[in-house]
Structure formats: structure tokens, C-alpha cells
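In what follows, chains are A, B, ... by sequence order, proteins preceding strands, each numbered from 1. As the structure is a computational prediction, the values presented were derived from the model and not from experiment.
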Amino acid sequence: MPELPEVETVMRGLDAKLTNRVITAASLNRPDLRWPIPAGFAAALTGATVTGFRRRGKYMFMRLNTGASVLIHLGMSGRMIIDAPFALHEHLTLETNEGCRIGFVDPRRFGALDLIATNDEDTHRLVAGLGPEPLGNEFNAPMLLEALTGRKNPIKAALLDQTLVAGIGNIYASEALFRAGISPRRLAGQLGAKRVDRLVPAIKTTLTEAIAAGGSSLRDYVQPSGELGYFQHAWKVYDRAGEFCERCPQLPACSGIRRIVQTGRASFYCPQTQG
DNA sequence: CTTTAAGCCTGCAGGC
DNA sequence: TGCCTGCAGGCTTAAA
């Protein structure tokens with residue numbers, strides 16, 4: 001479940017291994033993931049020098065000295081492996097002039113790879129409609145309050161709408177709402193300025209801390225297994241149904257963290273501290 | 001316009 | 001042990 005912090009961490013790991021290196025070989029092992037991968041994809045990478053990376057929401061872009069950019073989306077199960085044995089479901093393999101081997105592995109194939117002719121990646125159909133970056137200045141309380149006005153779905157569902165704000169997924173939606181003390185069941189249009197004022201910094205802090213955890217845990221972001229970017233998470237409510245949240249006294253009166261399903265997705269929250 | 005359900009795909013956990 | 005079912009989730013498309 002790569003969300004913004006995981007994508008950011010994976011991207012930093014790729015940056016450390018690929019930027020300013022030459023891709024000496026690129027092999028695509030199937031013609032499609034979620035969508036067809038354009039003909040000539042591997043050829044466009046081969047021989048190119050990587051000039052840098054950029055992230056937008058849960059998408060990352062690898063920029064090449066040819067003027068083209070490569071869109072990479074990890075989907076649900078996508079991961080990057082470095083100098084690891086060829087893996088099952090390894091759909092793309094890159095080699096650099098320094099002898100580094102990078103594999104893109106995605107069993108469920110919800111991910112995507114695409115070629116963008118220029119470095120103007122925001123014109124791509126998959127990112128053109130995205131909302132603001134949650135860690136940017138454009139994402140602030142007045143903006144969010146305005147965007148939520150009139151919305152009738154629960155705030156948890158609204159936060160998953162990538163056109164509202166880009167990069168929040170199912171896990172960090174629950175985490176941010178816990179931090180803000182807001183129930184995931186509250187209707188998005190009914191938050192009011194006070195709760196929105198808490199929610200915006202809660203989102204920023206939650207994401208920033210997760211990125212920091214990824215950055216500090218491992219040198220070059222590479223696990224011993226060769227897997228890139230994942231790290232020990234310390235989720236406060238996600239997947240912790242029945243446990244006591246950190247704000248609750250551990251008393252029999254407290255029922256603990258609850259799991260509910262909203263629009264088909266699991267949400268976790270503490271009924272005692274989230275209104 | 002907003003919101004929801006289905007579908008894509010595979011691995012894994014749980015039940016029998 | 002092994003089969004079967006259901007669930008997990010990001011994102012799009014279709015439909016309400």
C-alpha cells in the first residue's frame with residue numbers, strides 16, 4: 001500500500017542509485033501492467049542518463065537527458081528491488097553503468113509505467129487532475145474548508161479523493177484523522193473551520209513523520225533484502241482494532257480502537273477521542 | 001455536479 | 001495437508 005510517504009522514500013532510494021548514471025540496459029518483461037506500456041519504452045531508456053526524479057501525489061517521474069520522463073506508479077503491490085535476484089513478477093529491469101540492477105516488481109499489476117515525451121509531466125492524463133500536494137503551501141486550511149463545502153460523504157472517503165488532495169491513501173487517511181481528533185464518519189461538509197484547522201497540520205505532520213521514518217531507518221533506503229523504500233511503520237490506529245489508542249487510559253470503560261468499513265474500505269479510529 | 005459500486009489482479013489468511 | 005473463499009487496496013469507468 002504505497003502512499004505518498006512510501007513513494008517519496010522509494011523515489012529517494014532510486015535517486016541515490018540512478019541519478020547521474022547511465023541506463024546501460026532496460027528490459028520490459030511484459031507489455032502491460034494496468035495499461036499497455038508504449039512500444040519503444042525500453043529502447044527509450046536504454047543509453048539515457050538519468051537527470052533526476054520528481055514526485056506528484058503517489059506518482060513518480062524519472063527524468064532522462066533525452067528530454068523525456070518516465071512515469072512510475074507502484075499501484076497496490078509495486079516495489080523496487082536493488083541488486084536482488086530476479087523476482088517473480090519483475091516486470092522491468094534496469095542496469096546502470098555502475099553495475100547496479102534495479103527491478104520493478106508488481107504482482108497485482110495495479111501499477112503503471114509510461115513514457116512522457118517531455119519533462120512537463122503534469123500534462124499526463126494520470127496526474128493532470130490531481131489536487132494540491134498535501135505538503136505544499138497550496139494545501140492549507142482555507143483551501144480545504146472551501147473544497148469540503150457541500151460535500152456529503154464522510155471525511156475519510158473525501159481524503160481518498162485524489163482530486164481534493166494528492167497522495168493520501170487508506171492508511172494515512174485514518175492516521176491523520178486520529179491525530180486531528182476527528183471521526184472518520186463525520187461528513188466532509190460538516191467539519192467546520194475549527195476541525196479543518198486541526199486536520200491540515202495533522203495531515204502534514206503525519207506524512208512528514210512517515211517520510212522521516214523512511215529516511216532515517218536505512219542507509220540509501222535499501223532493506224537488507226534489496227527492497228527499496230519500505231520501513232518499520234508505527235501506525236497509531238491503522239490495523240490496531242481492539243487495542244487502546246495512545247490517548248486513552250487503559251480502562252475497561254474504553255472499548256479501544258474500532259474498525260469500520262466506509263465505501264468498501266477499512267477505517268480505524270478511536271470512538272473516545274475522535275469526534 | 002457529487003458519490004458509489006464494480007472491476008482489475010494476485011497473495012495470503014482463515015475455514016473446513 | 002490442501003482446497004476454497006474472501007479480503008486487501010489505488011484508481012478508472014460506469015452508473016446512480
> For a quick test of reading the model, state the closest non-hydrogen atom pair linking Val196(A) to Ala141(A) and the distance between them.
CG1-O, 3.5 Å
> For Asp114(A) and dT12(C), give me the distance from atom CG to atom P, rounded to whole Å.
13 Å
> Using the six-membered base ring of dC11(C), report whether Phe110(A) stacks on it, requiring centroids under 5.5 Å and planes under 30° apart.
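It does not: the two rings, one from Phe110(A) and one from dC11(C), miss the stacking criterion.
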> Check the phosphate of dG11(B) against His89(A), side-chain N and O only, distance under 4.0 Å to OP1 or OP2. Yes or no?
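Answer is yes, contact under 4.0 Å.
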> Rounded off to whole Å, could you give me the CG-to-C1' distance for the Leu164(A) and dC11(C) pair?
16 Å
> It should be established whether His73(A) places a side-chain nitrogen or oxygen under 4.0 Å from OP1 or OP2 of nucleotide dC11(C).
yes
> Return each pair, listed once, that meets salt bridge (Lys or Arg N to Asp or Glu O under 4.0 Å) where at least one residue sits in residues 86-114 of chain A; pairs must be two or more places apart or across chains.
Arg21(A)-Glu98(A), Glu90(A)-Arg101(A)
> Indicate whether OP1 or OP2 belonging to dT10(B) is found under 4.0 Å from a side-chain N or O atom of Arg109(A).
yes
> Considering every strand and a 4.0 Å limit on heavy-atom distances, what is the contact class for Leu126(A): base, sugar-phosphate, or nothing?
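The answer is sugar-phosphate, as Leu126(A) gets under 4.0 Å only of primed atoms, P, OP1 or OP2.
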> Tell me the interatomic distance from Leu160(A), atom CG, to dC11(C), atom P, rounded to whole angstroms.
10 Å
> Touch check for Arg34(A), heavy atoms < 4.0 angstrom, all strands: base, sugar-phosphate only, or nothing?
base
> Can you check the Asp239(A) CG to dC7(C) P distance for me, whole Å?
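About 15 Å, once rounded to whole Å.
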> Considering only side-chain heavy atoms of Thr263(A), which listed nucleotide, dT3(B), dC11(C), dT4(B), is closest?
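Given the options dT3(B), dC11(C), dT4(B), the side chain of Thr263(A) is closest to dT4(B).
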> To the side chain of Pro154(A), which of dG9(C), dC11(C), dT4(B) is closest?
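Side chain of Pro154(A) sits closest to dT4(B).
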> As a test of reading the structure: which of dT3(B), dG9(C), dT12(C) is closest to the side chain of Trp35(A), going by heavy atoms?
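Selected nucleotide: dT12(C).
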> When the distance from CG of Asn170(A) to P of dC7(C) is rounded to whole Å, what number comes out?
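Atom-to-atom, Asn170(A) to dC7(C), this comes out as 15 Å.
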> Counting side-chain heavy atoms from C-beta on, which of dC11(C), dG9(C), dT4(B) comes nearest to Gln162(A)?
dC11(C)
> Answer yes or no: is there a donor N or O on one side and an acceptor on the other, between the side chain of Glu243(A) and the main chain of Ile257(A), under 3.5 Å?
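Checked: no pair found.
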> Is a donor from one side chain sitting under 3.5 angstrom from an acceptor on the other, for Ser69(A) and Glu121(A)?
yes
> Locate the shortest heavy-atom distance separating Pro85(A) from Ile81(A); write the atom from each residue and the value.
O-CD1, 3.9 Å
> Over how many whole Å does the gap from Lys152(A) atom NZ to dC1(B) atom C1' extend?
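Atom NZ in Lys152(A) sits about 11 Å away from atom C1' in dC1(B).
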> Rounded to whole angstrom units, what separation is found between the CE atom of Met76(A) and the C1' atom of dC7(C)?
10 Å
> By nearest nucleotide on DNA chain B, pick out whichever of Leu33(A) and Ala157(A) is the more 5' one.
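Result: Ala157(A).
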> What's the closest nucleotide to the Leu88(A) side chain, out of dC11(C), dT3(B), dG11(B)?
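Of dC11(C), dT3(B), dG11(B), dG11(B) is nearest to the side chain of Leu88(A).
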> Atom CG of Asp161(A) and atom C1' of dG9(C): how far apart are they, to the nearest Å?
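Rounded to whole Å, this separation is 16 Å.
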